[in-house]
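Counting convention: from 1, in listed order, for ligands and their atoms alike. Only a predicted model underlies this, so the values are computations on that prediction, with no experimental measurement involved.
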Amino acid sequence: MARTLLVATLVASLASFYQFLAKDLIFNTFGIGRDVQAIEDFPFTCRRLQDKKLEACEDLWLDDDSRTLYAACAGTQHRLSWNQAMGKLNASARRPGGSELVALDIDSPDSKGVFPMRVIKPTGYVGASGDASIDLLGFDAQIVDDTIHFYFVNQRPSVDSNKNLLDSSKIGPNATIDVFEMKRGSSQMKHIRTVWSPQVWSPNRVAVLSDGAFVVTNDHSVKLGVRKELDPIIGGGNVAYCSPSGDCHQATTMRLKFPNGLTKGKDGLIYVPSSVDGAVRVYQLHSDKMLELVDTIHTKIPLDNVSPDAVGDLWVPGFPNYAKGMAAISNPLERESPTTIFRIRKAGESYKVDKVVEDKQGKVLSVVTTVRHDAKTGRLFLGSALKPFLMVCDPK
Ligand SMILES: *[C@@H]1O[C@H](CO)[C@@H](O)[C@H](O)[C@H]1NC(C)=O
Ligand SMILES: *[C@@H]1O[C@H](CO)[C@@H](O)[C@H](O)[C@H]1NC(C)=O
């Protein structure tokens, strides 16, 4: 009798495990049975922009008015050695000089389709180990008059009091949010301030609010260890709010599963994509500086950074094949990952999700982590956290 009960309980709990966790993992995360289309099926001509400067550009931001694309690029080898979310924490293998912000003039490509570019040099900035190197991941920017304020996630290594590197693979890195300002068109950006908080332990991307306040995703529950490995199943990431003076607190109450690059929509709502369950959660910020979940948009594909365009649509890349995605992330110079690009558009009270382009073989679009849509020309710019190129899709 007792045994029957035990078996029944087990079956019931397995069934509910399947219902709530495994089903999500099998159909959304791993993408079993998903139909992915070839890139030729879509009305775009896509190409890769190969350049030493454009390696491993995790995140992009488009200044629509001044027609400039900004890319935060680390270098492929650098990213493979130094990336907190992926558990790569060998600080001494980082690229000398760190990562770079590169600006591309999008309206003046040369006859080969190459855009003029310049590296934006940081000034007035001293990093953890005493030099000027920064470790870029996700970022956001705000235009104030003719000046751009950049808010960067800076994956600083941990150091001792003499600025010597500590072993970040044992104690975790020590990320900050660093704010720089730049006159439009300049080749230098000036450091304004550093925000460091115990409430921001695993920052992925920032969304700027107003007066210097921002929200930021912690993509995992902890910096390191077993609990982090369980995050895809039980969740553990969150969104933190940081005030203009740099005081941060946890602003969501739910345990999120790998919340990736969030953004503020043109409607003022905060959009948070998940790299596990494929949902974009929509939050409203209240006067108590807490975020209330007001909607959930389901794409059913693990997502990376979500980015608004000039007309208010949201663009987000997804990984429709988990196994191939992970293989390409670990070995980006040899493997390709299938890619899906979604547009999310407000439709009355709800949202419409459209697949805009897909690349089943990863022939051109591979390991895409950010997509920026130029609403003026219809062109798409795509960045990859790991691949040694940017990607561009022109509408046919
Ligand atoms: C870290 O990187 C350095 C420099 O590339 C290398 O010499 C060292 O073996 C690496 N350490 C580990 C633990 O992989
Ligand atoms: C982490 O960064 C903060 C702010 O810069 C600094 O005060 C602290 O000493 C750093 N800790 C480590 C272990 O690097």
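A side-chain contact (heavy atoms from CB on, under 4.5 Å) with Leu386 is found for exactly one of Ile329, Asn331, Leu333, Thr369, namely Ile329.
When the ring-ring contact (aromatic ring centres under 6.0 Å, His included) test is applied to Tyr241, the partners found at least two apart in sequence or on another chain are His249.
In summary, Arg67 and Asp107 engage in a salt bridge, as defined by a charged side-chain N under 4.0 Å from a carboxylate O. Of the charged side-chain nitrogens involved, none lies within less than 4.0 Å of a carboxylate oxygen, so that Arg281 and Glu292 do not count as a salt-bridged pair. Ion pairing of Asp178 with Arg156 is present here, as a side-chain N (NZ or NE/NH1/NH2) and a carboxylate O approach within less than 4.0 Å.
For the atom pair Glu358 CD and Asp35 CG, the distance stands at 7.5 Å (nearest 0.5 Å).
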Could you pull out every N or O of ligand 2 that sits under 3.5 Å from a protein N or O, with the distance for each pair?
unit_1: ligand 2; atom_1: 2 (O); unit_2: Asn174; atom_2: ND2; d: 2.3
unit_1: ligand 2; atom_1: 11 (N); unit_2: Asn174; atom_2: ND2; d: 3.0
unit_1: ligand 2; atom_1: 14 (O); unit_2: Val159; atom_2: N; d: 3.0
unit_1: ligand 2; atom_1: 14 (O); unit_2: Val159; atom_2: O; d: 3.3
unit_1: ligand 2; atom_1: 14 (O); unit_2: Asn174; atom_2: ND2; d: 3.2

